[in-house]
Amino acid sequence: LMPGPDRARNSPASRQAHVPACREVGSFGRACLAPMEPTMSQASSTDTSLAPPENHGWRVTFAGMGINLALGVLYSWSVISKGIPEGWNWSESGKSWPYAIACLVFCLIMVPAGRMQDRIGPRIVATIGGILVGAGMILASFTTTSFGYILGFGILAGAGLGFGYASATPPAVKWFPKAKTGLIAGLVVSGFGLASVYIAPLAKSLIAVYGVPTTMLVLGIGFLLVVVGLAQLLKPPPKGYVPQDVTQAAAPAAAAAAPAQTQKKEEFTPTEMLKTWQFYLLWFMYACGAGAGLMVIAKLAAMASLQAKIELGFILVAVLAVGNGGGRILAGMLSDKIGRKATLCICFILQAVVIALLSQTQAGTFLANAVVLAVVSALIGANYGANLSLFPSVTKDFYGLKNFGVNYGLVFTAWGVGGFMLAMLAGKVYDQTKTFTFAYYTSIVLLVLAAAATFLLKAPHHMEAAPEPVKELDAVKS
């Protein structure tokens, strides 16, 4: 028989206290808290603080998707601009300014909004976004001038888009293990891509019945309530929470057995990220992928009309939107299986091939068919949308979650610069040449360059000093 103290130490209750507090959390894997040497009080009572926190991952994911479905009000501008009465005396260039300013402000505000999200949490920042979007559209509803719409829709609503979009993805991906990053990022951002499926016909119907001012007022109030309401569901995991795959469950114990002097750097500040060459390569690839896609997407309906002599109108917009949203999810899922680099390369090459086919479309050919053009539109939308799920996933993989909001905000500037500057350039070239040759071949060249860049891309391999292990005595005292 063992002496009394040894018997107590080796009793079933004592052995159970040494087991890591883990539990299965469905598709999330396992969440664990590290075991500690029990004190005398712990030996006689159960410490409920060791229980893993409740996982809100799927609730946060679908709340983020819902917010993006509302923020897709940006895509309603094409319908709104067409409904502006002639009595308002707007020029065609005047009609394009509110949308262009909204896109620019959206892009630029992502950086400070991302930093705020990292520091004060997604709930407050997304709420600010909903208020700004609603207030901007409500303000625009009381004016008939281009300046009023630039201020309301362009600046205020554009800023709201940045605040809301920056807050939707980070809290969702933090709840899930790395193996699900692509899927979760794709689900959240798919809402923005799918939004035009319902927003465009809704805005068109409202304008036909009530006019532009009332439509702006109704949409402003509606999206304010939706975004602010869903923002209250955006909850990040508690500090120190690390979701683990089942295959990774034994990793902490192995690491504890042989503590290293240095370890691979996992978390980068914005300044540290800007010092890595990988950031600039990612930025270049993002600008190429987004710019090439938007150059074609912006003129897709006109391309089909002039080359194929087919008027598809809203059908092309709808299938493009479905492809845009679906591509974000599918590309994210595929990247979880085969890797981000391989998925990016596939999407860039496939997009180049599809655009090359579109450039050869002429009336009377096999390509000048409504079904074929619908498939081509869906593929262009899917490959463009893949950028919006793959690049946030790569940013998280390379630079960590701690500063993910501001880090991705900096990467996202490539979307604004590459996308809209190249789209505007393509439009000006078309006005002078009356041909889409520049848009087609510039897009193909950019996509080939981006595909080639994937072979150079690799994660930063920076080392940092490993934290000193906590001594057992200190753990007991604390």
Side-chain angles (χ1 to χ4, degrees), residues 71 74-75 77 96-115 150 154-155 157-166 169 189 192-193 270-271 273-299 324 328 344 347-348 351-352 355 380 383-395 398-399 404-430 438-454 456-457:
L71 296 179
L74 180 70
Y75 292 129
W77 182 253
S96 66
W97 273 110
Y99 178 78
I101 295 297
C103 293
L104 180 62
V105 173
F106 172 26
C107 167
L108 296 178
I109 211 70
M110 279 282 290
V111 178
R115 181 176 289 276
I150 289 174
I155 296 177
L161 295 176
F163 279 104
Y165 194 83
T169 304
V189 300
F192 209 97
T271 302
M273 180 184 72
L274 291 173
K275 292 179 180 179
T276 66
W277 61 266
Q278 286 90 343
F279 166 78
Y280 299 96
L281 186 61
L282 279 175
W283 197 97
F284 170 76
M285 293 164 60
Y286 204 172
C288 288
L294 288 173
M295 270 200 293
V296 175
I297 289 172
K299 299 293 182 181
N324 189 353
R328 301 179 190 213
L344 279 168
C347 291
F348 289 145
Q351 186 79 311
I355 291 176
I380 289 174
N383 287 301
Y384 163 75
N387 291 281
L388 281 300
S389 66
L390 293 175
F391 281 98
S393 300
V394 175
T395 304
F398 281 13
Y399 301 110
F404 175 60
V406 64
N407 285 345
Y408 180 61
L410 289 167
V411 174
F412 188 76
T413 58
W415 176 86
V417 175
F420 284 92
M421 289 191 68
L422 286 173
M424 291 178 66
L425 177 61
K428 289 184 177 180
V429 172
Y430 174 79
F438 175 84
Y440 285 137
Y441 292 107
T442 303
S443 297
I444 292 171
V445 170
L446 290 175
L447 289 164
V448 171
L449 289 175
T454 61
L456 303 176
L457 189 65

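Note that the numbering runs from 1 along the sequence shown for the chain.
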If you compare all heavy atoms of [X] against all heavy atoms of [Y], which two are closest, and at what distance to 0.1 Å?
X	Y	result
Ala386	Cys347	CB-SG, 3.7 Å
Met110	Gly162	SD-O, 3.7 Å
Val105	Ala159	CG1-N, 3.4 Å
Ala292	Ser443	O-OG, 3.3 Å
Leu71	Gly160	CD2-O, 4.4 Å
Leu388	Pro392	O-CG, 3.1 Å

Show, in sequence, the C-alpha distance, side-chain angles and deciding distance for Phe391 and Leu344, and conclude whether the side-chain contact (heavy atoms from CB on, under 4.5 Å) test is met. CA-CA 9 Å; Phe391 281 98; Leu344 279 168; 3.7 Å; yes

Starting at [atom1] of [X], measure out to [atom2] of [Y] and round the result to the nearest 0.5 Å.
X	Y	atom1	atom2	value
Leu456	Met285	CG	CE	9.0 Å
Leu447	Asn383	CG	CG	8.5 Å
Leu390	Leu282	CG	CG	11.0 Å
Asn407	Phe279	CG	CZ	8.5 Å
Thr169	Phe404	OG1	CZ	6.0 Å
Leu274	Tyr399	CG	OH	8.5 Å

Is there a side-chain contact between [X] and [Y] (heavy atoms, below 4.5 Å)?
X	Y	value
Leu74	Phe192	yes
Leu294	Trp415	yes
Tyr165	Ile109	no

Centroid separation Phe106 to Tyr99 less than 6.0 Å: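 No, ring centres 6.0 Å or more apart.
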
By the definition side chain to side chain contact (heavy atoms under 4.5 Å, CB included), identify the one residue from Leu446, Thr454, Leu449 that meets it with Phe348.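 When Leu446, Thr454, Leu449 are each tested with Phe348, the side chain to side chain contact (heavy atoms under 4.5 Å, CB included) holds only for Thr454.
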
